[in-house]
Amino acid sequence: MKKAEKVTEEKSKGGFKERRKECLTSANKIPTVDIKGKKYSTVNGRHRHLLQYFPEARFNEEILFHDNERVVVKTELYISDTIYAVGHAEEHRNANFINKTSAMENCSSSALGRCIAAFGLSGSEYASAEELVNALNNQGNNKQVSINDQIKKQTTETKLTALYSNWKKENDSIEKIFESQQKSIQTNGGQNAKQW
């Protein structure tokens, strides 16, 4: 029996569907790290898990763009000769200290992680642990960028919504501090209050 016939026969018997179902339902076994109260799995952990169920899986990585400022990578997941998922990633070389020398490597890992997540192995969150740590590390840099510039840089509705949610939480918190200070001044008097 030829390889293609064997793959077709296996799919028709439900072998692929059963393995995928088992792979996805056992994803809770993938080790996670806790970041800000949410569980994130690493790209490496999800990659290993996938290969346990699909050792014949292969990934095709393509560098879509790179220059002195940014890198864009696409990764495709093939099982046998069929493509099952695609992941894209972009990294800016000046985003952080690591990207100054390793933007390509970070972009490659992110694209692989997003590809695996598109297959269904995203863990509890779509972003990988590595992507989240990178984003958290960059938050200090983003504070020097105006909110208008941050909004303009968003490329997906999900990212835009997350940016708004974070901005709203931060500003709600600041508003509460202002209100608390205002009540304190009204109750206790401010700097200009008469001291008797």
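Scope of the values below: all heavy atoms of this structure, side chains included, with no hydrogens, waters or symmetry mates. Since we're looking at a predicted model, the values are computed, not measured.
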Open item on the list: Distance check, rounded to the nearest 0.5 Å: F16 atom CZ versus E56 atom CD?
Closed with: 8.5 Å
TODO: For E105, enumerate each residue passing the salt bridge (charged side-chain N to carboxylate O under 4.0 Å, His left out) test, keeping only those at least two apart in sequence or located in another chain.
DONE: none
Open item on the list: Same cluster or not: V86 versus V71, using hydrophobic residues (I, L, V, M, F, W, Y) connected whenever any side-chain heavy atoms lie under 4.5 Å apart?
Closed with: no
Task: Under 3.5 Å side-chain donor-acceptor pair for H88 and T75 - done: no
- [ ] Taking R93 for its side chain and K100 for its backbone only, find out whether a donor-acceptor pair lies under 3.5 Å.
- [x] no
Task: Distance (rounded to the nearest 0.5 Å) between L50 CG and L77 CG - done: 6.0 Å
- [ ] Identify the heavy atoms of S41 and S122 that sit nearest to each other, and give their distance.
- [x] OG-O, 4.1 Å
Task: All ring pair (Phe, Tyr, Trp, His ring centres under 6.0 Å) counterparts of F59, not counting sequence neighbours - done: H47
Open item on the list: H66 vs I63, test: side-chain contact (heavy atoms from CB on, under 4.5 Å). Steps then yes/no.
Closed with: CA-CA 7 Å; H66 74 93; I63 300 167; 3.8 Å; yes
Open item on the list: Does anything in residues 93-120 form a ring pair (Phe, Tyr, Trp, His ring centres under 6.0 Å)? List the pairs, not counting sequence neighbours.
Closed with: F54-F119
- [ ] Determine yes or no for a side-chain-to-main-chain donor-acceptor pair under 3.5 angstrom, with N99 supplying the side chain and H92 the backbone.
- [x] yes
Open item on the list: Nearest 0.5 Å, please: how far is OG in S102 from CD in E91?
Closed with: 10.5 Å
Open item on the list: Enumerate the salt bridge (Lys or Arg N to Asp or Glu O under 4.0 Å) contacts for residues 57-69, please, sequence neighbours excluded, ordered by first and then second residue.
Closed with: E62-K74
Task: Pairing residues for E90 by the side chain to side chain donor-acceptor pair (under 3.5 Å) criterion, not counting sequence neighbours - done: R70
Task: Contact summary for A89 and C107, nearest pair of heavy atoms - done: O-SG, 3.2 Å
Open item on the list: If we ignore hydrogens and angles and just use 3.5 Å, is the side chain of S109 paired with the main-chain N or O of N106 as donor and acceptor?
Closed with: no
TODO: Output the distance between atom CZ (R20) and atom NZ (K17), rounded to the nearest 0.5 Å.
DONE: 10.5 Å
TODO: Would you kindly confirm whether M104 and V43 end up in one hydrophobic cluster when ILVMFWY residues are joined by side chain heavy atoms under 4.5 Å apart?
DONE: no
Task: Shortest non-hydrogen contact between E22 and T25, atoms and distance - done: O-OG1, 3.3 Å
Task: Rounded distance [0.5 Å steps], SG in C23 versus CD1 in I30 - done: 7.0 Å
Task: Step-by-step side-chain contact (heavy atoms from CB on, under 4.5 Å) determination, S26 to Y53 - done: CA-CA 10 Å; S26 65; Y53 293 90; 2.9 Å; yes
Open item on the list: As an exercise, state the distance from NE2 of H49 to OG1 of T42, rounded to the nearest 0.5 Å.
Closed with: 12.5 Å
Open item on the list: Under 4.5 Å side-chain heavy-atom separation, chaining through any Ile, Leu, Val, Met, Phe, Trp or Tyr, what else clusters with L64? Say none if it is isolated.
Closed with: F65, V72
